[in-house]
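Okay, so here's the structure we're looking at.
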Amino acid sequence: MNSIGEECTELKQKYDDCFNSWFSERFLKGDHDDSMCAGIFKVYQECVKKAMKQQNIDFKDIDKDVLGTENEFKAPPTDNS
Amino acid sequence: MARYFENTTTFNFSWDQVARGYWKRYPNPQSSHVLSEDTWSRQVKDGCLYTKRLLTKTNRVPKWGERFFNAKSVKIIEESIVDPEKKILITYTRNLGYTKVMSVVERVEYRPGVSGTTVARRSAWVDSQVFGFSRAIRAFGLERFKKNASQMVNGFNHVLNSMYPRQSHSSVYTLKEERSRNVLPAVHTS
């Protein structure tokens, strides 16, 4: 899959490979230490942020958390009709 | 009134398999509308994995909608929480920008089902605030969402099948329940 910045795609793939093996082999098995991919993630993120800046994407809107907050939508109650 | 929609899908894969496959969903033969995918932030907190990803997708609109929504692509924010202890994966997706024209929010909860399956419970809210056109836009948005959601399930099953090929029957999924209705506008700050 491509990154939003063409020049970041290779870094993204490297990071994704690292993450997927960490998630599968460590995280799901109870090891919560996430330092394994921290280095490559940092480099990849710098690339993405630069690419997004060039595309004038607003970071503020992305940083806002919704899931797990009171802003999260709730399913309406089930109607019995 | 926002339009609300929900359905339930059963994947014939274990929760661990679905959780692993979730990050590898794209690309798949049904995902030509997904243009890019990036991890924006990620951290482990209280034993759960919190991730925020940015996706861009093509924006296919009918001719009449072009005057409101002429962007070639839309940006989507996907938040997720993986709880490996309780085996719950929750994803929460919303569009970034154009939310007055049309806002689509999707929440999916993946939990273990019976005999090694995984059940995905999907909720979606579609809203629009364009004067005089909001009903038409909501109806269009809901139909497009339903179509994309079933494509997403097919694509996800394709990925899971190639990751875990022994379960050849797994492309069969059941749509157990589906409902759709009008609801009061949800309180949302965006």
Q. Do Phe73(A) and Asp127(B) touch side chain to side chain, with heavy atoms closer than 4.5 Å?
A. no
Q. Which distance, rounded to the nearest 0.5 Å, do you find between the CD of Glu72(A) and the CD1 of Ile90(B)?
A. 7.0 Å
Q: Against chain A, label Ala19(B) side chain, backbone, both or neither, depending on which of its atoms sit under 4.5 Å from a heavy atom there.
A: both
Q: May I ask you to list the residues in residues 129-139 of chain B that approach chain A closer than 4.5 angstrom, counting heavy atoms only, ordered by number?
A: none
Which donor-acceptor pairs under 3.5 Å do side chains of residues 40-47 of chain B form with protein atoms, sequence neighbours excluded?
residue  : atom : partner  : partner atom : Å
Trp40(B) : NE1  : Asp63(A) : OD1          : 2.9
Arg42(B) : NE   : Thr51(B) : OG1          : 3.0
Arg42(B) : NH1  : Tyr15(A) : OH           : 2.8

(Q) Is Leu55(B) in contact with chain A via its backbone, its side chain, both, or neither, using a 4.5 Å heavy-atom distance? (A) neither
Q.
For a quick test of reading the model, state the closest non-hydrogen atom pair linking Lys12(A) to Asp38(B) and the distance between them.
A. CD-OD1, 4.2 Å
Q: Take Glu37(B) and Asp16(A) through the side chain to side chain contact (heavy atoms under 4.5 Å, CB included) test and state the conclusion after the steps.
A: CA-CA 11 Å; Glu37(B) 171 206 59; Asp16(A) 281 351; 4.1 Å; yes
Q. Which atom names give the shortest non-hydrogen contact between Ala75(A) and Ser123(B), and what distance separates them?
A. CB-OG, 4.3 Å
Q. When only heavy atoms count and the cut-off is under 4.5 Å, which of residues 44-53 of chain A reach chain B?
A. Tyr44(A), Gln45(A), Val48(A), Lys49(A), Met52(A)
**Q.** Val159(B) reachable from Leu35(B) in the ILVMFWY side-chain graph, under 4.5 Å edges
**A.** no
Q.
Looking at Glu10(A), I'd like to know if its CD atom is crowded, meaning that more than 12 non-hydrogen atoms belonging to other residues, nucleotides or ligands lie closer than 6.0 Å.
A. no
Q: Taking all non-hydrogen atoms of both residues into account, name the closest pair between Val34(B) and Met1(A) and its distance.
A: O-CE, 3.1 Å
Q | Residue pair Trp15(B) / Leu28(A), side-chain heavy-atom distance below 4.5 Å | A | yes
(Q) Are there over 12 heavy-atom neighbours, none belonging to Lys57(B), within less than 6.0 Å of that residue's NZ? (A) yes
(Q) Taking Asp65(A)'s backbone N and O only, do any of them form a donor-acceptor pair with Tyr92(B)'s side chain (distance below 3.5 Å, no angle check)? (A) no
Q | Per-residue contact mode, Arg107(B) against chain A (heavy atom under 4.5 angstrom) | A | side chain
Q | Heavy-atom proximity to chain B below 4.5 Å, by part of Phe27(A) | A | both
Q: Locate the shortest heavy-atom distance separating Asp61(A) from Arg94(B); write the atom from each residue and the value.
A: O-NH2, 3.4 Å
Q.
Once rounded to the nearest 0.5 Å, what's the spacing between atom CZ of Phe19(A) and atom CH2 of Trp23(B)?
A. 5.0 Å
Atom pairs and distances, side-chain donor-acceptor, residues 76-88 of chain B, under 3.5 Å, sequence neighbours left out:
residue  : atom : partner  : partner atom : Å
Glu78(B) : OE1  : Arg53(B) : NE           : 2.8
Glu78(B) : OE1  : Arg53(B) : NH2          : 3.4
Glu78(B) : OE2  : Tyr22(B) : OH           : 2.7
Glu78(B) : OE2  : Arg25(B) : NH2          : 3.2
Glu78(B) : OE2  : Arg53(B) : NH2          : 3.2
Glu79(B) : OE1  : Val66(A) : N            : 2.9
Glu79(B) : OE1  : Leu67(A) : N            : 3.1
Glu79(B) : OE2  : Val66(A) : N            : 3.1
Glu79(B) : OE2  : Leu67(A) : N            : 3.4
Asp83(B) : OD1  : Glu85(B) : N            : 3.1
Asp83(B) : OD1  : Lys86(B) : N            : 3.1
Lys87(B) : NZ   : Asp16(B) : OD1          : 2.8

